Chemist: 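The structure under discussion is supplied below as structure tokens; questions concerning it will follow.
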Amino acid sequence: MTTSMQDAGKGEGALARLVAFYEELSLESLVQLNALYAPDARFKDPFNDVVGHAAILAIFEHMFVQVDAPRFVVLESLVQGEQAFLTWEFRFRMKRLVSGEQCIRGASHIRFDGQGRVVVHRDYWDAAEELYEKLPLLGPFMRLLRRASQR
């Protein structure tokens, strides 16, 4: 087996563990975060840019406070060596303001260390389209801005 094939197998195994973690995410499963992420891992999304287990854990704990029934559905994944790219849907119910299940579509770039732990997790999604447009007071204004910019 060549080195690149070994790396691909390692990356695929690490990605499979990470995807399972996200698709089965619960308050109780957050204890697994320390095994999946390196101690100095960086997590960045449209609202956060943090480093380390405690800071990443705080983001997920806050998510469970803000929304009901959060769950991730991974749609596609690609692995090359120690890097991966995912497309996903984040489904949840807002605790206030909006009723019904909401869905945010996004993508993640993941980089693993030699031990298969996440060292970089960068989420890409459009906060204006995927979140702000769904809010009762802000939504109509955001949709108006988007239509005006498309002209």
Side-chain angles (χ1 to χ4, degrees), residues 4 6-98 101-139 141-143 145-146 149-150:
S4 62
Q6 289 172 343
D7 289 346
K10 186 187 295 183
E12 288 171 5
L15 181 60
R17 288 187 296 279
L18 188 66
V19 166
F21 169 74
Y22 277 99
E23 289 190 331
E24 299 164 13
L25 191 63
S26 68
L27 269 174
E28 296 76 27
S29 70
L30 289 177
V31 298
Q32 299 173 36
L33 193 130
N34 290 356
L36 295 169
Y37 284 76
D40 60 347
R42 180 178 183 206
F43 178 92
K44 182 171 174 46
D45 69 11
F47 299 111
N48 304 284
D49 188 355
V50 300
V51 174
H53 287 157
I56 296 169
L57 180 62
I59 290 169
F60 288 104
E61 289 173 337
H62 181 72
M63 174 189 72
F64 280 99
V65 169
Q66 294 297 312
V67 301
D68 284 326
R71 65 186 176 96
F72 287 91
V73 177
V74 175
L75 304 173
E76 297 179 272
S77 63
L78 299 168
V79 178
Q80 183 174 9
E82 293 181 345
Q83 295 193 65
F85 184 80
L86 305 169
T87 59
W88 44 262
E89 292 179 346
F90 174 54
R91 298 180 174 273
F92 61 96
R93 295 185 180 279
M94 291 186 176
K95 291 191 174 185
R96 53 187 191 276
L97 300 177
V98 179
E101 185 176 73
Q102 303 299 309
C103 180
I104 292 175
R105 291 166 189 83
S108 299
H109 174 239
I110 309 289
R111 203 170 73 227
F112 298 102
D113 66 12
Q115 297 173 24
R117 297 176 304 180
V118 176
V119 290
V120 174
H121 180 150
R122 173 84 190 258
D123 284 347
Y124 297 92
W125 55 278
D126 184 343
E129 178 181 355
E130 299 291 341
L131 184 61
Y132 299 147
E133 285 186 12
K134 298 172 184 175
L135 298 175
L137 296 175
L138 193 54
F141 178 69
M142 296 301 294
R143 289 188 294 275
L145 284 177
R146 182 168 40 93
S149 70
Q150 293 173 345

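Just so we're clear, the structure is a prediction, and the values are computed from it rather than from any experiment.
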Chemist: Quick one: does Ser108's side chain have a donor or acceptor within less than 3.5 Å of a partner on Leu86's backbone?
Modeler: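 Checked: no pair found.
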Chemist: Using the salt bridge (charged side-chain N to carboxylate O under 4.0 Å, His left out) criterion, which residues pair with Glu24? Sequence neighbours excluded.
Modeler: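 Testing Glu24 for salt bridge (charged side-chain N to carboxylate O under 4.0 Å, His left out), a comparison that skips the adjacent residues, returns none.
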Chemist: Over all heavy atoms of both residues, which pair between Pro46 and Asp123 is shortest? Give the atoms and the distance, please.
Modeler: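 Pro46 and Asp123 have their closest heavy atoms at CD-O, 4.1 Å.
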Chemist: What distance do His109 atom NE2 and Arg122 atom CZ have between them, rounded to the nearest 0.5 Å?
Modeler: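 His109 NE2 to Arg122 CZ: 10.5 Å, rounded to 0.5 Å.
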Chemist: Return the set of residues passing salt bridge (charged side-chain N to carboxylate O under 4.0 Å, His left out) with Asp68 (not counting sequence neighbours), or none when no residue passes.
Modeler: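 Partners of Asp68 by the salt bridge (charged side-chain N to carboxylate O under 4.0 Å, His left out) criterion, ordered by chain and then number, come out as Lys95.
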Chemist: What distance separates Phe60 CZ from Leu30 CG, expressed to the nearest 0.5 Å?
Modeler: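 With rounding to 0.5 Å, CZ (Phe60) is 7.5 Å from CG (Leu30).
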Chemist: Any chance you could measure Glu76, atom CD, to Phe85, atom CZ, to the nearest 0.5 Å?
Modeler: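 So the CD of Glu76 and the CZ of Phe85 are separated by 9.0 Å.
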Chemist: I'd like to know if Arg105 and Asp126 make a salt bridge, using a cut-off of under 4.0 Å between side-chain N and carboxylate O.
Modeler: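 No, Arg105 and Asp126 are not salt-bridged.
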Chemist: Working to the nearest 0.5 Å, report the span between CZ of Phe47 and NE2 of His62.
Modeler: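 So the CZ of Phe47 and the NE2 of His62 are separated by 10.0 Å.
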Chemist: Assess whether atom CZ of Arg117 is packed by more than 12 heavy atoms of other residues, nucleotides or ligands within 6.0 Å.
Modeler: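 Result for CZ/Arg117: enclosed.
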Chemist: What residues form a salt bridge (charged side-chain N to carboxylate O under 4.0 Å, His left out) with Glu23, not counting sequence neighbours?
Modeler: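 Not a single residue meets the salt bridge (charged side-chain N to carboxylate O under 4.0 Å, His left out) criterion with Glu23.
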Chemist: Can you list everything that forms a side-chain contact (heavy atoms from CB on, under 4.5 Å) with His53? Sequence neighbours excluded, please.
Modeler: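 Scan of His53 (side-chain contact (heavy atoms from CB on, under 4.5 Å), adjacent residues dropped) gives Leu33, Asn34, Tyr37, Pro39.
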Chemist: Ignoring hydrogens, what is the shortest heavy-atom contact between Ala14 and Gly116? Give both atom names and the distance.
Modeler: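 Reported closest heavy-atom pair: CB-O, 3.3 Å.
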Chemist: For Val118 and Phe112, work out which heavy atoms get closest and say how close.
Modeler: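 Smallest heavy-atom distance, with atoms named: CG2-CE2, 3.8 Å.
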Chemist: Using the test salt bridge (charged side-chain N to carboxylate O under 4.0 Å, His left out), find all partners of Asp45 that sit at least two apart in sequence or belong to another chain.
Modeler: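 Testing Asp45 for salt bridge (charged side-chain N to carboxylate O under 4.0 Å, His left out), a comparison that skips the adjacent residues, returns none.
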Chemist: What closest approach, in Å, do Gln115 and Asp113 show between heavy atoms, and which atom pair accounts for it?
Modeler: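 Where Gln115 meets Asp113 most closely, the heavy atoms are N-OD1, 2.9 Å.
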Chemist: If I take atom CG from residue Leu78 and atom CD from residue Gln83, how far apart are they, to the nearest 0.5 angstrom?
Modeler: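 Answer rounded to 0.5 Å: 11.5 Å.
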Chemist: With sequence neighbours excluded, tell me which residues meet side-chain contact (heavy atoms from CB on, under 4.5 Å) with Ala16.
Modeler: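 With neighbours one apart ignored, the set is empty.
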Chemist: How close do Phe43 and Ile59 get, heavy atom to heavy atom, and via which atoms?
Modeler: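 Heavy atoms of Phe43 and Ile59 come nearest at CD2-CD1, 3.6 Å.
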Chemist: Testing Phe92, Phe90, Trp125 for ring-ring contact (aromatic ring centres under 6.0 Å, His included) with Phe72, which one passes?
Modeler: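 One option only clears the test, and that one is Phe90.
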Chemist: For Gln102 versus Met94, what's the shortest heavy-atom pair and its separation?
Modeler: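 Gln102 and Met94 have their closest heavy atoms at CG-CG, 4.3 Å.
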Chemist: Going by heavy atoms in the side chains, are Glu82 and Val119 under 4.5 Å from each other?
Modeler: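 No, side chains not in contact.
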Chemist: To the nearest 0.5 Å, tell me how far Arg111 CZ sits from His121 NE2.
Modeler: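 With rounding to 0.5 Å, CZ (Arg111) is 13.0 Å from NE2 (His121).
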